[in-house]
Participant: 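Take this structure first; my questions come after.
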Amino acid sequence: MRAWTLGERGMSMRTGRRIRCRLQQTVFRAAMPLLPYREPEIMQTMEGVAAACVSEHVARVLIVTGPRIAASGMLDNLTHALEKAHVSYRVFDRVVPNPTVANVEDAREEYLHHDAHGIIAVGGGSPMDCAKAAARLIADPDSTLSDARGISFSRRPVPLLVCVPTTAGSGSETTVAAVVTDEAKRLKYAINDFRLIPKYAVLDARLTASLPPSVTAQTGMDALTHAVEAYIGRSTTRRTRAMSKKAVSLIHGNLLRAYRHGGDLEARDAMLKASYCAGVAFTRSYVGYVHAMAHALGGRYGIAHGLANAIILPHMLRAYGHAIDSKLARLARVAGIASRDMSAADAAAAFIAWIDEANASMGMPRYVEGVQEIDIPQMALNADAEANPLYPVPVLMDEKELRRMFYVIAGSRVE
């Protein structure tokens with residue numbers, strides 16, 4: 001049985017603001033065919049990165065990663081290939097989870113000190129976000145990351161960007177976005193710049209085989225959230241709808257396999273492809289309130305982004321109510337979750353129930369623990385500022401409704 005929904009209770013956003021949001025979204029959708037979207041060139045192994053650097057006339061690069069990957073030996077094939085190709089490199093291995101403004105600035109300084117001309121990000125969403133945000137600062141040194149918040153355009157091209165994902169979830173290897181945390185303001189926000197789409201992406205399932213089950217689960221649900229939010233939004237295209245459907249089908253068929261059997265390279269490869277497809281979808285069609293709330297939670301409490309998305313997603317889908325029944329039904333049918341003869345409402349309910357079951361099977365909580373009631377008003381304001389009018393959500397919410405949703409995702413158990 002569904003909880004309360006916005007469609008059933010009515011919307012609190014004022015009519016004037018609602019019209020302005022939808023008008024801006026309509027204008028942006030009309031401009032989409034004119035915008036410089038592109039997809040990275042795909043490589044299958046890290047060794048190919050060295051040849052790409054040579055072909056791009058890049059003789060010095062900065063490798064951006066985290067301490068665990070740097071210590072694991074995972075970079076060895078890459079660094080040996082760079083040495084063989086006479087490409088000088090320096091490793092910046094101090095990326096933190098949810099990279100901060102200071103962390104990004106440190107990476108930029110390392111890049112400048114090495115006199116590099118390219119950046120290779122190796123890791124999950126955090127190293128890729130750090131690398132892309134650093135590239136943005138390098139391209140436009142007179143602006144700050146805060147200046148670039150939202151949609152922006154750097155004045156000059158960014159350095160050569162190569163992304164090597166070692167998780168299957170963020171899709172950052174194909175997106176315009178970099179997400180950073182302002183540690184002083186405890187605020188997490190996205191920078192969207194078309195120049196930040198990487199030139200190359202390496203999709204090698206072997207790099208994800210050692211992921212712990214919890215990380216596999218969280219990143220997999222991150223990819224699912226990207227695909228679903230892109231699909232149910234109001235700025236889809238034939239391409240983004242197809243990519244979302246493919247991502248959901250791959251996740252439905254392979255996430256639990258990868259979670260239970262980490263060495264299953266077939267499932268790991270499918271999840272990398274799902275993450276990539278979801279990234280293609282949401283970089284054009286954007287996300288929604290699940291992400292806006294997850295960023296607010298991440299900025300305030302440091303909660304892992306994939307975990308926050310996993311918890312929020314089914315609650316938000318229920319809150320949208322029957323407005324998204326037909327779209328969720330299509331996703332449910334293409335993934336084999338619902339039969340063709342089920343009504344749209346029943347198929348949509350089955351899709352949300354599958355998300356609940358997947359979360360439970362992978363040991364993820366139903367609610368966010370530790371939410372402080374005193375923090376909810378500011379988090380709701382942050383989510384409202386991020387999402388409206390940028391995200392073409394199926395049902396508009398304002399700060400008041402988002403504040404209510406923070407109580408919902410906390411199970412009304414706030415401290």
Side-chain angles (χ1 to χ4, degrees), residues 3-6 9 11-14 17-18 21 96-101 103 125-126 129 145-146 149-150 170 177-192 218 221-222 225-226 228-229 233 282 286-320 359 364-415:
W4 68 272
T5 67
L6 292 173
R9 293 175 56 88
M11 296 174 291
S12 66
M13 183 179 284
R14 294 180 181 275
R17 190 181 183 211
R18 186 161 62 248
C21 284
V96 300
N98 299 316
T100 63
V101 172
N103 199 206
S126 292
D129 282 340
L145 292 178
S146 181
R149 181 180 176 184
S170 76
V179 180
V180 295
T181 298
D182 185 324
E183 60 270 43
K185 297 179 180 178
R186 297 171 70 188
L187 175 66
K188 195 172 186 179
Y189 57 84
I191 298 164
N192 297 278
Q218 292 174 19
M221 294 306 291
D222 191 18
T225 304
H226 294 154
V228 172
E229 288 209 290
F282 90 82
Y286 285 102
V287 284
Y289 291 128
V290 176
H291 270 74
M293 291 181 66
H295 288 156
L297 286 166
R300 181 63 55 174
Y301 303 121
I303 183 173
H305 182 64
L307 175 60
N309 277 345
I311 296 172
I312 299 168
L313 180 60
H315 296 294
M316 185 62 70
L317 296 181
R318 289 187 176 95
Y320 284 143
N359 279 341
M364 285 190 280
R366 188 175 180 85
Y367 301 104
V368 179
E369 299 291 338
V371 174
Q372 304 288 318
E373 188 166 23
I374 194 173
D375 294 333
I376 288 178
Q378 186 60 54
M379 289 195 296
L381 284 171
N382 292 344
D384 182 26
E386 174 182 333
N388 299 317
L390 180 61
Y391 296 159
V393 292
V395 179
L396 287 167
M397 299 186 193
D398 63 5
E399 176 271 333
K400 179 180 177 182
E401 295 289 358
L402 288 168
R403 187 186 305 180
R404 181 181 179 93
M405 284 306 303
F406 276 105
Y407 281 95
V408 170
I409 59 101
S412 296
R413 298 188 299 272
V414 297
E415 299 176 12

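Values below: every heavy atom of this structure, side chains too, minus hydrogens, waters and symmetry copies. Just so you know, these numbers come straight off a predicted model, no measurement behind them.
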Participant: Quick check for you: to the nearest 0.5 Å, what is the distance between D182 atom CG and Y189 atom OH?
Facilitator: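 That separation rounds to 5.5 Å.
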Participant: Let me confirm one number: the CZ-CD1 distance from R300 to I376, rounded to the nearest 0.5 Å.
Facilitator: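 If we round to the nearest 0.5 Å, R300:CZ and I376:CD1 are 11.0 Å apart.
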Participant: Is any side-chain heavy atom of M221 less than 4.5 Å from a side-chain heavy atom of N309?
Facilitator: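 The answer is no, as the side chains (C-beta and beyond) never meet within the 4.5 Å cut-off.
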Participant: So, using side chain to side chain donor-acceptor pair (under 3.5 Å) as the criterion, who are the partners of Y391 when residues are at least two apart?
Facilitator: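 Here the qualifying residues are E386.
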Participant: What's the spacing between E399 CD and N388 CG if we round to 0.5 Å?
Facilitator: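 Here the rounded value is 11.0 Å.
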Participant: So, are R17 and D384 salt-bridged, with charged N and O less than 4.0 Å apart?
Facilitator: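 Answer for the salt bridge query: yes.
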Participant: Write down the atom of D129, the atom of A177, and the distance for their closest heavy-atom approach.
Facilitator: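 What the structure gives for the nearest pair is OD1-O, 4.1 Å.
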Participant: Are the side chains of Y286 and V393 in contact, using a 4.5 Å heavy-atom criterion?
Facilitator: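 With C-beta onward as the side chain, the pair stays apart.
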Participant: List the atom of I374, the atom of P377, and the distance in Å for their closest heavy-atom pair.
Facilitator: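 Answer, listing the atom of I374 first, then P377: O-CD, 3.6 Å.
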Participant: If you round to the nearest 0.5 Å, how far is CD of Q378 from NZ of K185?
Facilitator: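 Answer rounded to 0.5 Å: 10.5 Å.
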Participant: Measuring only between side-chain heavy atoms, which start at C-beta, is N359 closer than 4.5 Å to R366?
Facilitator: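 No - every pair of side-chain heavy atoms lies 4.5 Å or more apart.
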Participant: Quick one: which of V368, V408, I312 gives a side-chain contact (heavy atoms from CB on, under 4.5 Å) with M293?
Facilitator: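 Option passing the side-chain contact (heavy atoms from CB on, under 4.5 Å) with M293: I312.
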Participant: Main chain of V290, side chain of E229: is a donor-acceptor contact present, judged purely on distance under 3.5 Å?
Facilitator: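 Such a contact is found between E229 side chain and V290 backbone.
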Participant: Does the Y289 side chain pair with the main chain of M397, one donor and one acceptor, at a distance under 3.5 Å?
Facilitator: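 Pair found, side chain donor or acceptor close to backbone of M397.
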Participant: Measure from the side-chain N and O atoms of D222 to the backbone N and O of T225, and report whether any donor-acceptor pair falls under 3.5 Å.
Facilitator: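 No, because the side chain of D222 does not come within donor-acceptor range (under 3.5 Å) of the backbone of T225.
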Participant: Counting N and O atoms only, with roles assigned by atom type, does the side chain of S126 sit under 3.5 Å from a partner on the main chain of N98, one being a donor and the other an acceptor?
Facilitator: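 Judged by distance alone, yes, a pair lies under 3.5 Å.
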Participant: Could you tell me whether the side chain of I409 reaches within less than 4.5 Å of the side chain of Y367, counting heavy atoms only?
Facilitator: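 Y367 does not reach I409 side chain to side chain.
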Participant: Which heavy atom in A292 sits nearest to a heavy atom in A383, and how many Å separate them?
Facilitator: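 Heavy atoms of A292 and A383 come nearest at CB-O, 3.6 Å.
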Participant: Search all heavy atoms of M405 against all heavy atoms of A319 and return the closest pair with its distance.
Facilitator: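 Minimum heavy-atom separation between M405 and A319: SD-CB, 3.7 Å.
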Participant: Mind checking whether H295 and N382 have side chains closer than 4.5 Å, heavy atoms only?
Facilitator: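 With C-beta onward as the side chain, the pair stays apart.
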Participant: Calculate, to the nearest 0.5 Å, the distance between atoms OG1 and CZ belonging to T181 and R186 respectively.
Facilitator: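 These two atoms lie 11.5 Å from each other.
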Participant: Does the side chain of I191 reach to within under 4.5 Å of the side chain of L145, using non-hydrogen atoms?
Facilitator: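 The answer is yes; the side chains approach within 4.5 Å.
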Participant: If you compare all heavy atoms of S170 against all heavy atoms of F282, which two are closest, and at what distance to 0.1 Å?
Facilitator: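 Minimum heavy-atom contact is O-CE2, 3.8 Å.
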Participant: Quick one, I311 and M364 - any side-chain contact, counting heavy atoms below 4.5 Å?
Facilitator: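 Contact flag for I311/M364 side chains = no.
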Participant: Are the side chain of R18 and the backbone N or O of M13 linked by a donor-acceptor pair below 3.5 Å?
Facilitator: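 Yes, R18 side chain to M13 backbone: donor-acceptor pair under 3.5 Å.
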Participant: Starting at CG of D398, measure out to CG of L381 and round the result to the nearest 0.5 Å.
Facilitator: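 If we round to the nearest 0.5 Å, D398:CG and L381:CG are 10.0 Å apart.
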Participant: Does any N or O in the side chain of N192 come within less than 3.5 Å of the main-chain N or O of G150, such that one atom is a donor and the other an acceptor?
Facilitator: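 Yes; judged by distance alone, with no hydrogens or angles, the pair exists.
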Participant: For the residue pair Y301 / D375, report whether a side-chain donor-acceptor contact shorter than 3.5 Å exists.
Facilitator: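 Result is yes, a qualifying pair exists.
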Participant: Can you find a heavy atom in the side chain of L307 that is under 4.5 Å from one in the side chain of P365?
Facilitator: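 Yes, at least one pair of side-chain atoms sits under 4.5 Å.
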